[in-house]
Amino acid sequence: MRTQEHIPVRLQDYRPYPFSISHVSLVFDLHPTRTIVTSRLIIDRKPHEWAKGEALQLDGVGLDLLSVEINGQPVAAQDYHLGEDGLTLKSVPDSFKLETKVAINPAANTALSGLYMSAGRFCTQCEAEGFRHITFWPDRPDVMSRFHVRVEAPEADFPSLLSNGNRVAIGQYDDGRHWAAWDDPHLKPSYLFALVAGGFDTLEDQFTTRSGRTVDLCIYVDKGAASRAIYAMDALKRSMTWDEEVFGREYDLDMFNIVAVSDFNFGAMENKGLNIFNSALLLADETTATDADYEAIEAVVAHEYFHNWSGNRVTCRDWFQLSLKEGFTVFRDQEFSADQRSRAVKRIKDVKALRARQFPEDSGPLAHPVRPKSYVKIDNFYTATIYEKGAEIIRVLQTLVGRDAFLEGANLYFDENDGTAATIEDWLHAMRTATGNQLHGIERWYDQAGTPCLEAISDYDAATQKLTIRFQQSTPDTPGQSSKSWVPLPISMAFFGPDGAPLQLRLAETDIAADDWLIPMASTSLELQFEGVADRPVVSYMRGFSAPVRLITNHSDADLALLAACDTDPFVRWESTQTIARNTLLSVAQSLAAGREPDVRQDLARAFQGALADAARDPAFTALLLRLPDVSELMQLQPLCDPSNLLAARAFVRSLLAEQLDAELSACFAIYDPAQAFSASAQAAGQRALMAACLDLLCASGTDRAAMRAENTFFAARNMTDMMTALDGLSQFGGARYHAALAAFKQRFTDNALVMDKWFRVQAMALCEDPLQTFKNLRVDPSFTLLNPNRVRALGGAFASGNPAAFHRVDGTGYQAIADLIADVDSTNGALAARLGTVFESCSRVNEPRQKLAKRTLQVLLDRNSLSANTREILSKIYDGLIA
Ligand code: 0A1
Ligand code: ZN
């Protein structure tokens, strides 16, 4: 069965819920294998005609129903229907109290959705539809209620009992059990419910809001790990200040708690007042976390905190509006990080991530609009499109209306929709009202899948001294969508003279002259003409990546080199260097495929030389410049490609650069002092990133001297960033040095699961030796487990997306290995397996023999009746897009 057998949920079928539930009181009598949940609801039928006579339908999956009562009276069996996915009470009064009692088994919950056990503790994950695994409830985001929760458990094993809101009472029983009562004064949907019970160490602090209220902050972590939460606590306080200063939004409870858990399907979750984090995105110190980890922790702590307004105070009416909270919140965390660190470096990293994850998604079999029209499993829609493209749309909007007007619009949105479940229309309405800008066509950004392509062709006529630029935009067809219309594109531009100096240009037949231009393109094509242009200018387009498009220009190699060297916008300097690199790599790949000796142009080496000469100015930026596009990015540029050919081209160019730039790279590498005291600052991280970029390229020479440098760096490393840099370097060589370092690493960190994930990841992505065999060896390593999502991603995800030539082996054995892993994971955790399954999406870009092998492999998986709905939805879409 390849096509979907599950009925999709459609946006057009949205109907409001016929009842309101003003209060819910939950009592949890916790036991690992038999937890009793008692729920008391105060229910009123809505006073609308359409609500009359409606049955009460509550979601509930895998619940052992013990009793149902209405107004204190048991409901007779014939008066309710208990189905696989819920409870229906056909005729209920207009106002009543409903009590249900159910038993659940958290210890058996390996899907990690609902109430489950992680490292002997109870924890929950309710977004998107986890609450229905806990109790009977209309598990949809537009049913918002006031929650009162009482948690009871044996005190010795579960000393901390946490839920949302404020703790209002605690107490003890004689039998060693204790309880805590929590009240959340803010209306919330069920997906924001959370409960945690267990033994932790804590890190405590306080924050005073700008209106003078004191908030108790507490981070709950594994015993002995409190010092590793210091950075997260600092990031939290900075986030709280930032949201007050930039968006004018204050925190609204007396306490804010964060809990770190080791088994978690995603990164973190914004439950009201009780954020739950994957420990990988919370715990850090210099000996166990890399700079990338620190950066991610800062961003995710901020992201979850910012959801308190964009997501919690104003939530989503239905899951089709998911980007309303996610796109906006990603935008907010990107802006926060940009303000805390280097704005230019942050923008480049965000664009890199967008191109690596969202662009391929948007051009392949899984492409979907930022507001999808239907889904089978909502868990599959927590995608780069909803998150990252969603954030780009918010940025487009901000660029179109200007920063100040945008902030006014956001303010109005929060005020108008506070305490409600909103839609994207509500968001746009607030923006239009506050800014007076009609934002024509902006809805298309939400409704059309596919990355728009913007063609910009410039033509200089020396005789008339005129510069003409013709823009043309188009959005490609995607599965189920064709004939798309234009989207509003802010085009940010500047001009440079032959000497690299910025030029002021005048628009033809006007007296408008400027250095920097922002052209709001609201049509399929657009022509601009500038007059009185003395010399042929080089146009710098889409500065700061002013819209998420694929840009095609008629820049010559010399134009690109000029922009790479002289553009005043760091993004375009980086982008031009990348374009030179992409062109070089693709032409080398072509030569190698044709059996010709590649003829490599000098532009790239010169651009790198320029970057290295200027490295001291901004080491983090230089480090980004020195990284070549990876094979996955090149795969997007060459339809029906051979990944091993692209890998060979990349290796060829890297070794050439290592040879040509040996002196410069060695000098830059030598500046770094591995013994210097550690700082997590962006500046110090930039110096480490520069050293890493130099060592990475030096290792491409394959020389013994480079291998020794990597080895020395490994044993001299005083922090995890340098250690991983060295291990990455050694992984280019393989052999005794590499394995000795891996063994030393394992011995030192064997008890730290988060660090051992890095040990798995570096090997899964290593190009040396036989990567597939390495993968298979790690798969049976005693420390590999299918039950921990981080470990599964560190091996399976890292291999399939970080080692494309091995995954796409021409004999199909790479596909088989990942398919086997997916099948095993699927039996315990369908959402995780489905996410892993998305790696097959890249098969739509490889050549025909590979696609056929991938299709056959997927067919076998899809023929399994037991495959979860999550995995089936993803794999069947990919399957349908592959060549038979
Ligand atoms: N809302 C969270 C992400 C998240 C989504 C689903 C989850 O479980 C199925 C867990 C977390 C965020 O944006 O951080
Ligand atoms: Zn989020």
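These numbers come from a predicted model, not from an experiment. Numbers for residues simply follow the sequence, beginning at 1. Just so it is clear, the values below take in all heavy atoms, side chains as well, and ignore hydrogens, waters and symmetry mates.
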Going by an N to O cut-off under 4.0 Å, is there a salt bridge joining [X] and [Y]?
X    : Y    : answer
R395 : E335 : yes
K325 : E127 : yes
E425 : R317 : no
E443 : R432 : yes

Please, which pairs that meet salt bridge (Lys or Arg N to Asp or Glu O under 4.0 Å) have at least one residue in residues 822-838, sequence neighbours excluded? R779-D824

Taking C-beta and beyond as the side chain, do [X] and [Y] meet within less than 4.5 Å on heavy atoms?
X    : Y    : value
F306 : R249 : no
T478 : K484 : yes
T475 : R444 : no
I378 : V9   : no

Taking the six-membered ring of Y879, is NZ or CZ of K855 closer than 6.0 Å to its centre and within 45° of its axis?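 Output yes; distance and angle both within limits.
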
Does CD belonging to E49 count more than 12 external heavy atoms closer than 6.0 Å? no

Taking everything shown except K97 itself, do over 12 heavy atoms lie less than 6.0 Å from its NZ? no

So does [Y] get a backbone contact from the side chain of [X], meaning a donor-acceptor N/O pair under 3.5 Å?
X    : Y    : result
S546 : P490 : yes
T451 : V549 : no
Q636 : F359 : no
R872 : L862 : yes
Q473 : V487 : yes
T420 : N417 : yes
E99  : R40  : no
N380 : N870 : yes
E873 : K377 : yes
T315 : N312 : no

Under 3.5 Å, is there a donor-acceptor pair linking the side chains of [X] and [Y]?
X    : Y    : value
H303 : E326 : yes
D263 : Y116 : no
D44  : S95  : yes
N271 : N164 : no

Can you measure from [atom1] ([X]) to [atom2] ([Y]) and round to the nearest 0.5 angstrom?
X    : Y    : atom1 : atom2 : answer
L875 : T857 : CG    : OG1   : 11.0 Å
T124 : L274 : OG1   : CG    : 7.0 Å
M431 : F406 : CE    : CZ    : 4.5 Å
S145 : H23  : OG    : NE2   : 7.5 Å
C123 : M269 : SG    : CE    : 13.0 Å

When you look at R793 and L832, which way does the side-chain contact (heavy atoms from CB on, under 4.5 Å) test go after all the steps? CA-CA 9 Å; R793 286 188 282 258; L832 179 63; 3.8 Å; yes

Given N308 and E270, is the side-chain contact (heavy atoms from CB on, under 4.5 Å) satisfied, shown in steps? CA-CA 7 Å; N308 191 54; E270 71 263 23; over 6 Å; no

Run D418 and W309 through side-chain contact (heavy atoms from CB on, under 4.5 Å) and show every step you take. CA-CA 8 Å; D418 192 6; W309 276 94; 3.9 Å; yes

Step through it carefully: locate the ring centre of Y191, locate the ring centre of W319, and say whether they are under 6.0 Å apart.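 Aromatic pair counts; centres sit under 6.0 Å.
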
Verify the ring-centre separation between F807 and F840: is it less than 6.0 angstrom? yes

In a check of salt bridge (charged side-chain N to carboxylate O under 4.0 Å, His left out) between D362 and each of R357, K389, R355, which one passes?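 With D362 as partner, salt bridge (charged side-chain N to carboxylate O under 4.0 Å, His left out) holds for just one option, K389.
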
Check the orientation of F328 and F331. Use parallel for under 30°, tilted for 30 to 60°, and perpendicular for over 60°.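 F328 vs F331 ring planes: parallel.
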
